[in-house]
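Notes follow once the structure below has been shown.
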There are 2 protein chains.
Amino acid sequence: MATLIDVAERAGVSVTTVSRMLNNRVPISPATRESIIKAMEDLDYQPNELARSLFKKNSLMIGLIIASANNYFFCKIIDSVEHYVTKHGYKLLLCLSNNKKQNEIAYFNMLKANQVAGVILASNTQNLERYLSFNAPLVTFDRMLSPHIPSVSSDNYNGGVLAAKHLLEKGCKRPAYVMDTRRMGMHANYRYDGFADTFKKSGIDLVVHAAPLDSFITMSYEDTIREFFQTHPEIDCVFTSNDIIAAQILRYCARQGISVPGQLKVIGYDDIDMASFTSPSLTTIRQPVDDLCRYAVESLINFKERNIASMTLFPVSLIEREST
Amino acid sequence: MATLIDVAERAGVSVTTVSRMLNNRVPISPATRESIIKAMEDLDYQPNELARSLFKKNSLMIGLIIASANNYFFCKIIDSVEHYVTKHGYKLLLCLSNNKKQNEIAYFNMLKANQVAGVILASNTQNLERYLSFNAPLVTFDRMLSPHIPSVSSDNYNGGVLAAKHLLEKGCKRPAYVMDTRRMGMHANYRYDGFADTFKKSGIDLVVHAAPLDSFITMSYEDTIREFFQTHPEIDCVFTSNDIIAAQILRYCARQGISVPGQLKVIGYDDIDMASFTSPSLTTIRQPVDDLCRYAVESLINFKERNIASMTLFPVSLIEREST
DNA sequence: ATCGGCATGACAAGGGGTTGACATCGATAC
DNA sequence: GTATCGATGTCAACCCCTTGTCATGCCGAT
């Protein structure tokens, strides 16, 4: 690969001049500028980002640690984060942890070793914070690691409330909540709280059914759903902690001849694309994923002081489709 | 961040010794080794990968250029590629091009500037090769860029053959192929060829319907499907160029009261997870995506000579489910 | 006492680029 | 004619780590 020296020689100027031009540090005469540009093109020159970052003590890379790319909701996050990272001239280092603590720690150390400009942590097992030393800005997505680390998430509690109100309006009396295993620090836990609180205000208790840990990584909820229907044939509506569970419930119903929304109303969470592909299409709580991702990325990039620790919630909305 | 110098000072040895230990260049006495390890732990030291890579003239990064992470098939690729990249001690730089040539070129240059160890190109518009200068190993995924660049893909022609044979066995007489827009160099074009050739041998012609360019990025095929059914009400089976189209056809049929597989048999391509979520579940041609990705990653890592240009095809299989 | 081998140290150069200090030189202004 | 300014050059230090060369000191073998 051509280096700065090659470019300078070919353009007949000094290395300093080329470097200064590339970094906009000083006015350059049109003639010089042009000959440098010509030389760069001739040589197909790309400044070595490694050398640059080494000197500047930061690379224009942002790390995203997330459990898997096999889950449709996570894909949306990856897609959106990549978009904003690139838009701001950064690059995305993607780290898929499978939700395992040792992987998360290893990735985190790797990202530090690569001097990343920031890390978005959208995967974690509990008690991770003591392993992380914070020299790069860090923001967590959908979870709270510690009060000192900013987190972004949708307004999960309200999501639960909206779902419950909607089902109450539709006349449901025997609700259920089917969810991924509750894990400490997850904002998603508030979905349940909002949902349960709202039903309780109407004097209605609900059934809760949880999938095994980490089902969401591979999106395999079939056993959970079968089990759920076998143990709770009486329920008349179900709210799920994500659209994937809901979609699989719809499929289960189709096979078992349970009519939706006639016999059972189903409402999901997230509003992934798949929610509108199912049949019947899925009523769901929409998270503004794109906004969340943008905020996460931009808060890393604009990070100044470590003291702006906080929690940022984005509003959710109910999208009514055919399943309720 | 702590540097090598800090570690050496704290361990009471020379920088040279620490570096040599880290790089396994020389035997180190147990006592020294231990005090260095202790110092590294105390200081939470991570060797600066940038400096390391700069000296070694390569970084342990691999770039994946792909159109989007919003498409379920691409997600599988991303997931799998990340897995193998990490397994071999490399890191993944994810680049989402939206299938736009200028983005691809920009990403490619960025990857070169970051001295990546290799690039997997799974996105491209036509005639890209003249923009790429090859100092890093490159492998294309599902497309052929030029005879000099190795490509990996599934055996698409055979996939088409399998689909056609299966439908013929089921007694279909009026087949259709619904696909993404044909683009030059895509291996997926052979799906059509295999499918059409096989039906032609039985004296049967087929209807072809194509979605607008780039529909696959957002997976929006609704208009295409409506149009297709309006113009071709007579068909009795349909093969699609991917499972997402097929899933949306199933949904269309559910809404329109077209019974599957009774009135219409549907067969997809890829075997993404969603294929088993639909109702009825989807018969499809399975690609061994994980094998493809592993091969792509490992062929980059083991790359030695530029002269092993070739095309590598992986076998496909028909997964029969409920839709046929 | 001598020699060889082992573990380590000291030193310098190098990877590619950035930056500050200071010098140079031609052109413009007065 | 001199002061000024703008564009560029020269030089050295620096970012952090790696590596080759040569030196040193210690230990065990002879």
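To find a chain, count down the sequence lines: A is the first, B the second, and so on, and within it residues start at 1.
Atom C1' of nucleotide D:dT18 and atom CG of B:L50 are separated by 15 Å, given to the nearest angstrom. Atom CD1 of A:I28 and atom P of D:dG9 are 9 Å apart (whole Å). The separation between A:L22 atom CG and C:dT18 atom P is 6 Å, rounded to whole Å. In this structure, A:Q115 atom CD and D:dC17 atom P are separated by 8 Å, rounded to whole Å. In this structure, CD of B:Q46 is placed 15 Å from C1' of D:dC17, rounded to the nearest angstrom. If you measure from atom CZ of A:R33 to atom P of D:dA7, you get 10 Å, rounded to the nearest angstrom. At whole-Å resolution of the value, CE in A:M21 and C1' in C:dT18 are 15 Å apart. In this entry the distance linking CG of B:N58 with P of D:dC17 reads 17 Å, nearest Å.
In this view, A:C75 and B:C75 satisfy the disulfide (SG to SG under 2.5 Å) rule, not counting sequence neighbours.
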Base, backbone or nothing for each nucleotide of nucleotides 10-16 of chain D, written B, S, -, heavy atoms under 4.0 angstrom, 5' to 3'? BB--BBB

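Sequence neighbours left out, not one pair with a member in residues 75-114 of chain A passes ring pair (Phe, Tyr, Trp, His ring centres under 6.0 Å).
Using a cutoff of 4.0 Å between basic side-chain nitrogens and carboxylate oxygens, A:D44 and B:K112 are scored as salt-bridged. A salt bridge is absent between A:R10 and A:D6: the closest approach of a Lys/Arg side-chain nitrogen to an acidic carboxylate oxygen does not fall below 4.0 angstrom.
Mapped onto DNA chain D by nearest heavy atom, B:E49 and A:P27 fall at different nucleotides, with A:P27 at the one closer to the 5' end.
Judged by distance alone, with hydrogens and angles left aside, the side-chain atoms of A:N98 form no donor-acceptor pair with the main-chain N or O of A:K100 at under 3.5 Å.
Note: A:F216 and A:F74 meet the aromatic proximity criterion, with ring centroids under 6.0 Å apart.
Side-chain nitrogen and oxygen atoms of A:S29 include none within less than 4.0 Å of the OP1 or OP2 phosphate oxygen of D:dA7.
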